[in-house]
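Letters A, B, ... are given to chains in the order of the sequence lines, protein chains preceding strands, and every chain is numbered from 1.
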Amino acid sequence: MHRLRRAIDSRRCHRQRRRLLSAVAGGDQQIRDIPPTTCAVPWNRILRAHICRSRPDLALALYRRMRALSPTLPNSYTLPLALRAGTSARIASAIHAHALHLGLHAHPDVARQLLAAYARHGLADEARHVFDAMPSKRTTMSWNMLISAYSVCCDPNNAMATFARMAATDEPLPDAVTWTTLLSAHARCGKHPVVLELFGDMYRSGCEGNAESVAVALSACPYAGDLALAKGKAIHGYGFTKGVVRGYLFVTNSLVCMYGKLGEMDDARKVFREAGERNIVTWNAIITSYAAAGMCDEALDVLVRMGQRGGMAAPNVVSWSAVIGGFASSGDYERALELFRRMQRQWLSPNVVTLATVLSACTELLAVRLGREVHSYAIRSMLDRHSLVENGLINMYAKCGRVAAARTVFDGMKSRDLVSWNSMLAGYGMHGLCDNALALFADMAEANVDPDGVTFVAVLSACSHAGRVWEGRRLFDQMMLEHKISPSMEHYTCMVDLLGRAGLLKDASKLIETMPMEADLCVWGALLNSCRIHGDAAMAEATIAKVLQAGAETTGNHTLITNLYAACGMWDDSKRVRVMTREAGLRKNPGQSWIEVKNKVFAFVAGRVPPSLPGAEEVFRVLDDLYREMDDERRSIEEDHIVNVR
DNA sequence: CTAGGGTTAG
């Protein structure tokens, strides 16, 4: 019946099809001249042709034209084709609406393609709706598409629940694709331990591991803690026995990356060398491995070699971002920024990840000017509304002292994630704007965003800088009782600082005693600093005894203690520790800084007058003035603190 | 003439 009708349609529409084809070949203007028709078949053929030639834009234009001529023209063949051409969730919903209008939503082909389209774009609720209403028997494939929808929208819990629902029904069994989809649902939102557990479940259920699932499992290995390398090697071996290592690019790439992330450069290089085939991802994986191992020059070298080889694998944004990120995380921010410039000179467009990396380098260098330049670049390339860039901007502006600019970015965001809130709060905290921080913290609760440990570090340090003991104590309790966050060393450091600065030295030292972990140097340092501020030599002495007893024989520790004695006016003790330090053979690298004036670099080493500094006397006179001003400022702030505590 | 799964940069 179907075939007969298609034959009749075909003959009736033959002439129309030819006119359509020539109109389409002539470009978009001529599409408007296509005569009205009552037959969908010729349209469908051209739609299919466009999709086969990977021109979804032309296919969609044709579909729009078709509906403009007559909304009832599309049939059960047209809608699946249009859905395949759809490039956004919005288009998928529009075609769904057309299907409902035409009464074709229950047609098996239409329903299946609707489910596929919703899954591709991660509209899980809509996918679920179509799935539940599907007329035909549920197949493994339709289950897989629903699970995939949850995977795409980063909802591993519902992916798992759907998998459980599928397992509870006895008809369609999960296959390798079902398992792989479930694995990737967890991998893409960072639930790496679950990925490895599920990979084990998959093996135990008797499902054959294939290249795709092995690739996902390998990508999760570097996050498996102490057993990471052992697990990675086990899965490597498993893949080998299944014959999915050699000749499977995805697995090769996953292996290079896994070994690289674990710092096993020899293994990473070995897999890379022995790979029969390489693509851009393979090259980027080896670049990333070098960068992760801190071998940034080697990473750059590979990138340059890629460029010289020419042809197939030219370096792309990922290659460049990886090298830039490598330099940035090794602390060489200047090199990172220099490479960012070089990348732009090669006419390669940075993307949101590149910008986020570059912004973090700007932040560390306190390079607001360059940061603003990156901001304007982001606006021009329309990347400024992406949360990754926005969070980077908030962080950059806040840490560079432009708190108002940071707030402008924050206020302009359409949706704020935890990182946005934490960056803004930390910005207020580090500039002593405690009231702003506390107000924003209240807004955060209002917006139903759950704070995490980082949030509390930000607000607690804001309180400690402003001497707000009562608020700080309340927040600390709230963190533990309401939010069930167990305090980390950082939180204790904040609290010791808060209590100590306010002069509550006994409370601070009592808190250290009741801490569930061994206090580290930061915690002791906070207490000692408070002793210094309040001139409590006895408490300082007792504290130092405890630090020495804890036996942290590091240079920094000795220097800290020396300075502390000196600050408390206990010069004899200060000298004693200094001698002790020298005897222990510990020497601190002297602090250094340098400035560039007219292409000449002037270096300053702590405690040493530069031999060839013109106008040294003048410099030191200005410095003395500055010190005096800073001291006055400090004293007035401390007086404020005392007033606040009372 | 036909759906679903995979690797790299933060």
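Not a single donor-acceptor contact under 3.5 angstrom links the side-chain atoms of A/Asn253 to the base of B/dG6. For B/dA9, the base has a donor-acceptor partner in the side chain of A/Asn351 [N/O atoms by modelled type, under 3.5 angstrom].
Summarising the geometry, the separation between OH on A/Tyr223 and P on B/dT7 is reported as 11 Å, rounded to the nearest angstrom. For A/Phe131 and B/dG4, the CZ to C1' distance is 12 Å, given to the nearest whole Å. B/dG10 atom P lies 15 Å from atom CD of A/Glu364, rounded to whole Å. Atoms NE2 (A/His121) and C1' (B/dG4) sit 15 Å apart, rounded to a whole Å. As a whole-Å value, the separation of A/Met145 CE from B/dT2 C1' is 11 Å. Nucleotide B/dA9 holds its P atom 18 Å from the CG atom of A/Leu339, rounded to whole Å. Note: CD (A/Glu208) to C1' (B/dG6) measures 18 Å, nearest angstrom. Rounded to a whole Å, the CG atom of A/Leu388 is 11 Å from the C1' atom of B/dA9.
In summary, the side chains of A/Ser254 and A/Ser219 do not present any donor paired with an acceptor at a separation below 3.5 Å, with no hydrogens or angles considered. A side-chain donor from one of A/Thr139 and A/Ser142 sits under 3.5 Å from a side-chain acceptor of the other. A donor and an acceptor atom, one from each side chain of A/Arg45 and A/Tyr77, are nowhere located under 3.5 Å apart.
Side-chain proximity of A/Thr288 to B/dG6, B/dA9, B/dG4: nearest is B/dA9. Each of B/dA9, B/dG4, B/dT7 was ranked by its minimum atom distance to the side chain of A/Val318; first place goes to B/dA9. Relative to the side chain of A/Thr180, the nucleotides B/dG6, B/dA9, B/dG4 differ in distance, and B/dG6 lies closest. In this structure, the nucleotide among B/dG4, B/dA9, B/dT7 sitting nearest to the side chain of A/Ser254 is B/dT7. Ranking B/dG6, B/dG4, B/dT2 by closeness to the A/Arg84 side chain, first place goes to B/dT2. For A/Val353, the listed nucleotide lying nearest its side chain is B/dA9; candidates were B/dG6, B/dA9, B/dG4. Nearest to the side chain of A/Val216, among B/dG4, B/dT8, B/dG6, sits B/dG6.
Residue A/Lys261 has no polar side-chain atom (N or O) positioned under 4.0 Å from OP1 or OP2 of B/dT7. Remark: A/Arg48 is not in phosphate contact with B/dT2, judged by side-chain N or O atoms under 4.0 Å from OP1 or OP2. The side chain of A/Ser184 places an N or O atom within less than 4.0 Å of a non-bridging phosphate oxygen (OP1 or OP2) of B/dG6.
Ring centers of A/Phe272 and A/Trp283: under 6.0 Å apart, within the cut-off. The aromatic ring centroids of A/Trp43 and A/Tyr63 lie 6.0 Å or more from each other. Aromatic ring centres of A/Tyr118 and A/His96 lie closer together than 6.0 Å.
Contacts of A/Asn279 with the nucleic acid, taken as non-hydrogen atoms under 4.0 Å apart, are absent.
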